[in-house]
Amino acid sequence: MEPKETVCVTGGSGFIGSHVVRLLLQRGYTVHATVQHLDDEAETKHLESMDGAQDRLKLFQIDLLDFDSILAAVHGVSGILHIASPCIVDLVRDPERELIEPAVKGTINVLRAAKESGVKRVVVTSSISSMVPNPGWPADVVMDEECWTDLEYCKQNGIWYPASKTMAEKAAWEFARENGLDVVVINPGTVMGPIIPSGINASMAMFRRLLEGCSDQYMNFFIGPVHVEDVALAHILLYENPAASGRHLCIESICHWSDFASKAAELYPEYKIPSFPKDTQPGVLRAQNPSKKLIALGMSFIPMEQIIKDAVESLKSKAYI
Ligand SMILES: NC(=O)c1ccc[n+]([C@@H]2O[C@H](COP(=O)([O-])OP(=O)(O)OC[C@H]3O[C@@H](n4cnc5c(N)ncnc54)[C@H](OP(=O)(O)O)[C@@H]3O)[C@@H](O)[C@H]2O)c1
């Protein structure tokens, strides 16, 4: 295999990050992956055991609020896939400290480090949580990259994770504009599929709760699923493709939690999945193949049925269900 350039993956230890690291190694890249605690095997072991890791993976300990730790991790890399960000959709006690500060300041620190190191492109992992909730979006228009989360609505209703992702993405665009840095953004939907790390992340925990019978409708957090392997591939496509620019919705379909739940119930009747009202995401217009910009770059998305099967089989194999 042709040796490729070196890229840094922040949040390399996480659910999405570890799939990105694995795919980069498979494709011949040398990878600087960041973790929060180098001495914690739960963050490092699954990365160190990947094919190619021995020769082409280097781990760095960073804290998103510590600029110097990030600068060391990006030294000598051509590109950065900035995935690290706290991902808490349940109750938070101190939203500024737990979510907003690491998301926003962390993103700016990564972009500052990219600029100082002469990095050629940064792919920033935003979310559909920078697109919804947006109660003002017209109910007869399919959501796309023009759609932005209503920050005031989030603040008034104490919905802090979407607030943190929206503020971080806006800060990234402002920094890129002011500093002439090449930034592209990916906005994944609810990411599910095989789990590589030893722990469970927020979106797979949300799916597990559904299988356990939880009737939460995730009104402000869901507009459709996407397979974690597609999300990993899309990150690399956006990094490699100079024509890519702006935001990129990354989702198999736009649907309601009720659609997703009923498909899961049909495939796995042995779990006590509740039935939901038809429209659990009011104002969200359903759509097939909504990620037009990524499809134009060559992506074809793994269908919902397979996302559910891969997620359930992984939860089973890790004894989460
Ligand atoms: N999962 C989804 O459905 C989804 C959808 C759209 C967007 N996203 C975005 O995708 C990214 C990864 O999410 P995920 O689902 O893979 O969650 P995850 O497994 O919780 O990964 C989050 C990563 O961020 C790192 N991190 C968090 N706070 C940090 C800090 N202060 N300093 C350094 N690193 C820090 C974590 O490190 P540790 O492992 O050491 O804790 C972890 O590697 C996030 O930006 C999230 O907002 C996720």
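Predicted model, so just to flag it, every value in this text is computed and none were measured. Each ligand, and each atom within it, is numbered from 1 in the order the structure gives.
Between E146 and W137, the closest side-chain pair of non-hydrogen atoms falls below 4.5 Å. Looking only at side-chain heavy atoms (C-beta outward), F175 and V183 stay at 4.5 Å or farther from each other. No side-chain heavy atom of E240 sits less than 4.5 Å from a side-chain heavy atom of R121. The closest side-chain heavy-atom distance from S127 to Y161 is below 4.5 Å. Side-chain contact between S69 and F60 is absent, with no heavy atoms from C-beta onward closer than 4.5 Å. Using a 4.5 Å heavy-atom threshold, the side chains of V119 and V77 count as touching.
With hydrogens and angles disregarded, no donor-acceptor distance shorter than 3.5 Å links the side chain of S314 to the backbone of P194. At least one donor-acceptor pair closer than 3.5 Å links the side chain of S203 to the backbone N or O of V191.
Under a 4.0 Å N-O distance rule, the pair K309/E305 qualifies as a salt bridge. Classification of E266 and K263 as a salt-bridged pair holds, one side-chain N sitting under 4.0 Å from a carboxylate O. Ion pair R177/E174 not flagged as a salt bridge, since none of the NZ, NE, NH1 or NH2 atoms sits closer than 4.0 Å to an Asp/Glu carboxylate oxygen.
For the pairing with Y218, the side-chain hydrogen bond (donor to acceptor under 3.5 Å, both in side chains) check across H256, Q281, R209 returns one residue only, R209.
At a heavy-atom cutoff of 4.0 Å, ligand 1 is contacted by the side chain of N201 but not by its backbone. Only the side chain of Y161 comes within 4.0 Å of ligand 1, counting heavy atoms alone; its backbone N, CA, C and O stay farther away. Only the side chain of E43 comes within 4.0 Å of ligand 1, counting heavy atoms alone; its backbone N, CA, C and O stay farther away. Within the 4.0 Å heavy-atom criterion, neither part of M192 lies near ligand 1.
Of the listed options V191, T190, I196, V191 places a heavy atom closest to atom 2 (C) of ligand 1. Distances from atom 10 (O) of ligand 1 to the heavy atoms of I16, L99, N187, V231 put I16 nearest.
Among protein heavy atoms, atom 39 (O) of ligand 1 sits closest to S13 OG, 2.9 Å. At the top of the distance list for atom 25 (C) of ligand 1, counting protein heavy atoms only, stands A84 CB, 3.8 Å. Here the heavy atom of the protein found nearest to atom 30 (C) of ligand 1 is Q36 OE1, 3.3 Å. For atom 19 (O) of ligand 1, the closest non-hydrogen atom of the protein is F15 N, 2.9 Å. Nearest protein heavy-atom contact of atom 32 (N) of ligand 1 is L64 N, 3.0 Å. Ranking protein heavy atoms by distance to atom 22 (C) of ligand 1, first place goes to S85 O, 3.6 Å. At the shortest separation from atom 5 (C) of ligand 1 among protein heavy atoms lies G189 O, 3.0 Å.
Listed by number with element, the atoms of ligand 1 under 4.0 Å from a non-hydrogen atom of I62 are 33 (C). Listed by atom number, the atoms of ligand 1 under 4.0 Å from T125 heavy atoms are 9 (C), 10 (O), 45 (O).
Where the criterion is an N or O separation shorter than 3.5 Å, residue side chain and backbone included, S203 meets it with respect to ligand 1. The shortest N/O to N/O separation between G14 and ligand 1 falls below 3.5 Å. Considering backbone and side-chain atoms together, I83 places an N or O closer than 3.5 Å to an N or O of ligand 1. For ligand 1, the polar-atom distance check against H37 finds no nitrogen or oxygen pair separated by under 3.5 Å. Between C87 and ligand 1, not a single N/O pair is under 3.5 Å apart.
The closest approach between S126 and ligand 1 falls below 4.0 Å for a heavy atom of the residue. Within the 4.0 Å heavy-atom shell around ligand 1 one does not find A103.
For R247 and W148, the positive end sits near the middle of the six-membered ring, less than 6.0 Å away and at most 45° from its axis.
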